[in-house]
Each structure stands twice: as C-alpha cells, then as structure tokens.
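Note sheet for the following structure.
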2 protein chains.
Amino acid sequence: MSSEELASAAGVGSAKLRKDLSHLGSYGTRGVGYEVQYLIYQISRELGLTQDWKVVIVGIGNLGHALANYGGFTSRGFTVAALVDADPRVIGETVAGLTVSSLDSLDETVSSLGIQIGVVATPGPAAQEICDRLVTAGVTGVLNFAPCVLTVPDGVMVRRVDLATELQILAFHEQRRAANRLAGEMPTEPQDLNAALNAARPVPPATLTKSRAEAAG
Amino acid sequence: MSSEELASAAGVGSAKLRKDLSHLGSYGTRGVGYEVQYLIYQISRELGLTQDWKVVIVGIGNLGHALANYGGFTSRGFTVAALVDADPRVIGETVAGLTVSSLDSLDETVSSLGIQIGVVATPGPAAQEICDRLVTAGVTGVLNFAPCVLTVPDGVMVRRVDLATELQILAFHEQRRAANRLAGEMPTEPQDLNAALNAARPVPPATLTKSRAEAAG
DNA sequence: AACTGTGAATATTTTCACAGCA
DNA sequence: TGCTGTGAAAATATTCACAGTT
C-alpha cells in the first residue's frame, strides 16, 4: 500500500506520513509501497503494544463506568485490572466484570497487581491526592480526566483529557468563521468594544479604561 | 497575579504564557501582573464563551451517558440540547433530564433546535453516516469519540478524542524509560531483534529478511 | 513507472533575554 | 525593583522535491 493511500486513510498528507515512518526505520519498498502487516508489527513494537499494560480506574462515576466498559482498551493491549471508588454505595458493585474496591485498598491493589497506569476519573478536588497515592504505589503514567493540573515527580507522566476544552476548541473555530462571514476580514481586536466591556464591568472602570488605551496604542 | 504564578498553575512556562496572552492584547500591567477577573473576561470573550452553544450527543451507550451527565459542559457555555440513539431499547429513556430520541429525528432535531455542535459517541462503523447527517442538518463542529477518521466538507471542523491512544502515549513513554533503565543510552533500533521478528513472523521470511538487511544497512 | 526515504526549504512553536513601564 | 510585552534566537514540525530503488 502506498504512502498516499495510508495517508488519506489516516487523514494526513503523504509526505508527513513517510517522514514519520522514516523515524522507525526503512520499512517500505521503493516503487511499491508498504507491506501493511509488517508495518503494523513494527509500529506496534515501537509503541509498546507488544506488551500488556495494567490499568486501574479511580472514580467509578459515569465516566469511570464508560471507561471500564470501553472495548477499545483491550484490543490495544490494555487490561483494566482494578476499579476503585471512595463512595460506599459504589464499592462492591460489579462493573465490566470487576468488583469496585475501596479507595483504602488503592496502594495495595496497585503494588500487588503490578499496575503501571492509573486513570483518574474523580471530581477535581480529589484528583491530586489520588494521583499522589497512585504514584507512591508505583504507577508511572497517569491519565487525568479531572479538570485540574496534576503535579507529579520526575519520571512520572501525566496526560490530561478535558472534554469541555475539546468542545471549546470547536466553538472557537465556529465563532471565528461566523465573525468572518459577517465582516470579511475584520481585525482580531475590534476597536469599538468599549461599550460591551464597560457593561460587563469586570474590573473598576479606571483600570479598564487605562488598559484599553494601552491595547489601542 | 504574575505570569509566573499563572504559568505554574497552568503547568506551562511563564514565557509561553506571556506570549500566548500577548496574542489577545496587552491586558497585563508591567511591574505588577495580571488582573485575574479582567483576564478571565478577555479570554472568555476571545474563546467564544460569552455565547451559548447547543450540542447533540449521538450514541447513548456508556460514553454517551457519561457525556450527557458530565457537569463540566454547562459551566463553560455548552448546553446538551438533545440525545439521540438508534437502539429502540434506549429511545425514550430519560438520561440527564432529557428523553433520548430516535435517530430518524436527528435531522429535524438539529435544525429545529439550532444545534451547532454534534458529539459522535457511536460505534466506529456508524460514525461516518451519523457525521454526514449531522453536517447536512447544519452542524458545523463535530467531536468524534469513535475510533475512525471522519471526512467532512470544508467549513466543518472535526476533533477526535481517542481514549486508547491517550493510554498508548503513556505506555510509549513508560516503555522508553524502562528500556533506558536497562541499557543506558541504547539506540532506538536494537540490532539483535531478528529472533523476535522471525518468531512473530508477520510476513513471509523472505521479505522480512530483506527488509531487515535494508534497515541495518 | 511508481513510490520510498530524505536532505533542503519553509513554517511554526518555544525559549531567551531585555527594553520599557508602573 | 518587578514584571510585562516582544523582538530575536533556537528548536521543532511540516512540506517540497528529487535522487535512488524496485
């Protein structure tokens, strides 16, 4: 299969696809293309998909349920090995074939099962403490769905998925398009915003006026 | 509040934060810092948070449930205006205060409610058709949770959230660290991988051997 | 003829470092 | 003095375009 075909399937340009693959090695054949099976194997190995990773999900609310039941993990080498929650009404419940265990048992669960990755699906205020306990127990990667920044020591990686932010990015572009439709190529900062700003009055008028003058100059 | 404080709260460097804010205008005060309330207002306006966006969620499985119940949307100006599913067992059910309506009504729901953003939480095979119908009905932004690339016409934006990919990125870095721990600064492509490759035998040995030779040379 | 792999060119992002202002 | 805003520099990422290979 050619880089052109692979690229369009992936939604990127062919040059980018070839450049990216070249970082793994020369696994294509000039004049012919790529052997898909071989490529899959090489990419899988490079990405660490040849080994199995154990995951604990902390916080079995709506999102935790969805994650526990999400089929996409298993097929990519992730095993949800434990579910943990703080709420006594949830503890003991069976979700996706696993029994939800108490937050108290988190440390022991992680160490004894050899869990490497923790998924934080708790409310924001609880997230940092959960994260600290995960790290102490030996987790080296954290996927954070809580709406906050998590601080971790060196050697531990955090990734954050913020669902509201994803929608905001869509809304931002939509707004831009709508603005352009109305007024051709209007500058980013329209000058006659003073009325709106004063109406909203987020800070004392004095400061506001000064800052506007600065921005206009 | 100084750029240093804001940056550490956001988990980025202070130079980056100042540079980013400078694209909105000069809303800070030299020698002092930023007025947080004023900054919040300016950022909100620029991001389009001052207007309300209507969202339809298509596919009310585990993830759809979680999204419908997710509190973070409302506070950032998104209203989940409709829930749609194809499964007769789900249609009519009440989720997060809304009645799940039939897929047949999708087009009318979107146009009559003036929905701007569609969230696709369906299985992969259904996603493209749903997406097409959303776009035809007037949606201009799509948030895709299905594990596939969606094709849309110009003027429509798609963002994809792939939960398994997020875990893979964590696993990738974890694997790298583990490899480095074992062997200091081992090159990215160890040479003695032949045995493993042949054992896995993803392609006929001839091709495999040739490609390996090429990669080594 | 067809298609990869990759240097060189271009574009974008991030960081530095400091002039200028409160 | 302390901090912003921003050019200039450095680092990354993307695209071009073509030599090299089957």
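Chain letters run A, B, ... following the sequence lines, proteins first and then strands; every chain starts at 1. In what follows, every heavy atom counts, from backbone to side chain, and hydrogens, waters and symmetry copies are set aside. Just so it is clear, the model here is predicted, and its values are computed rather than measured.
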Self-check item: Base of C:dT4 paired with side chain of A:Arg30 (donor-acceptor, under 3.5 Å)
Solution: yes
Quiz item: Under the criterion side chain to side chain contact (heavy atoms under 4.5 Å, CB included), which of B:Val158, B:Leu143, B:Ile130 is the partner of B:Val120?
Solution: B:Ile130
Quiz item: Hey, does the side chain of B:Ser3 come within less than 4.0 Å of D:dT4's phosphate (OP1/OP2), counting only N and O?
Solution: yes
Quiz prompt | D:dT4 OP1/OP2 closer than 4.0 Å to side-chain N/O of B:Thr29 | solution = no
Quiz item: Can you name the closest pair of heavy atoms from B:Ala68 and B:Ala96 and give their distance?
Solution: O-CB, 3.4 Å
Quiz item: Taking the side chain of A:Ser22 as heavy atoms from C-beta outward, which of C:dT6, D:dT22, D:dG5 is closest to it?
Solution: C:dT6
Practice problem: Return yes if some donor-acceptor pair links the side-chain N/O of B:Gln175 with the main-chain N/O of A:Leu49 below 3.5 Å, else return no. | Solution: no
Quiz item: Taking the side chain from B:Arg177 and the backbone from A:Gly155, do they hold a donor-acceptor pair closer than 3.5 Å?
Solution: yes
Quiz item: Closest nucleotide of DNA chain C for A:Leu6 versus for B:Gly31: which of these residues is on the 5' side?
Solution: A:Leu6
Exercise. Start with the C-alpha gap between B:Leu113 and B:Val56, add the side-chain angles, then the distance that decides, and say whether side chain to side chain contact (heavy atoms under 4.5 Å, CB included) holds.
Key: CA-CA 10 Å; B:Leu113 294 178; B:Val56 57; over 6 Å; no
Quiz item: Can you tell me how far P of C:dT4 sits from OH of A:Tyr38, to the nearest Å?
Solution: 16 Å
Quiz item: Of all residues at least two apart in sequence or in a different chain, which pass the ring pair (Phe, Tyr, Trp, His ring centres under 6.0 Å) check with A:Phe73?
Solution: A:Tyr70
Quiz item: Rounded to the nearest Å, what distance is computed from the CD atom of residue A:Glu4 to the P atom of nucleotide C:dG5?
Solution: 15 Å
Quiz item: Shortest non-hydrogen contact from B:Val156 to B:Val139?
Solution: CG2-O, 4.2 Å
Quiz item: Roughly how many Å is it from CG in A:Leu17 to C1' in D:dT15, rounded to a whole number?
Solution: 14 Å
Exercise. Would you give a per-nucleotide map of nucleotides 9-16 of chain C, 5' to 3', where B means the base has a protein non-hydrogen atom under 4.0 Å away, S means only the sugar-phosphate does, and - means neither?
Key: -----SBB
Exercise. Provide, to the nearest angstrom, the distance between the CE atom belonging to A:Met1 and the C1' atom belonging to C:dA2.
Key: 16 Å
Exercise. For A:Glu5 and C:dT4, give me the distance from atom CD to atom C1', rounded to whole Å.
Key: 14 Å
Quiz item: Could you give the angle between the helix axes at the two ends of the helix from C:dA1-D:dT22 to C:dA22-D:dT1, with five pairs per end, rounded to 10 degrees?
Solution: 0°
Self-check item: Main-chain N/O of B:Cys148 paired with B:Asn144 side-chain donor or acceptor, under 3.5 Å
Solution: yes
Practice problem: Send over the distance from A:Leu21 CG to C:dT4 P, rounded to a whole Å. | Solution: 9 Å
Quiz item: Hey, is the side chain of B:Tyr34 poking within less than 4.0 Å of OP1 or OP2 on D:dG5, counting only N and O atoms?
Solution: yes
Quiz item: Could you state the CG-P distance from B:Leu24 to D:dG5, rounded to the nearest angstrom?
Solution: 10 Å
Exercise. Measure from the side-chain N and O atoms of A:Gln116 to the backbone N and O of A:Gly141, and report whether any donor-acceptor pair falls under 3.5 Å.
Key: no
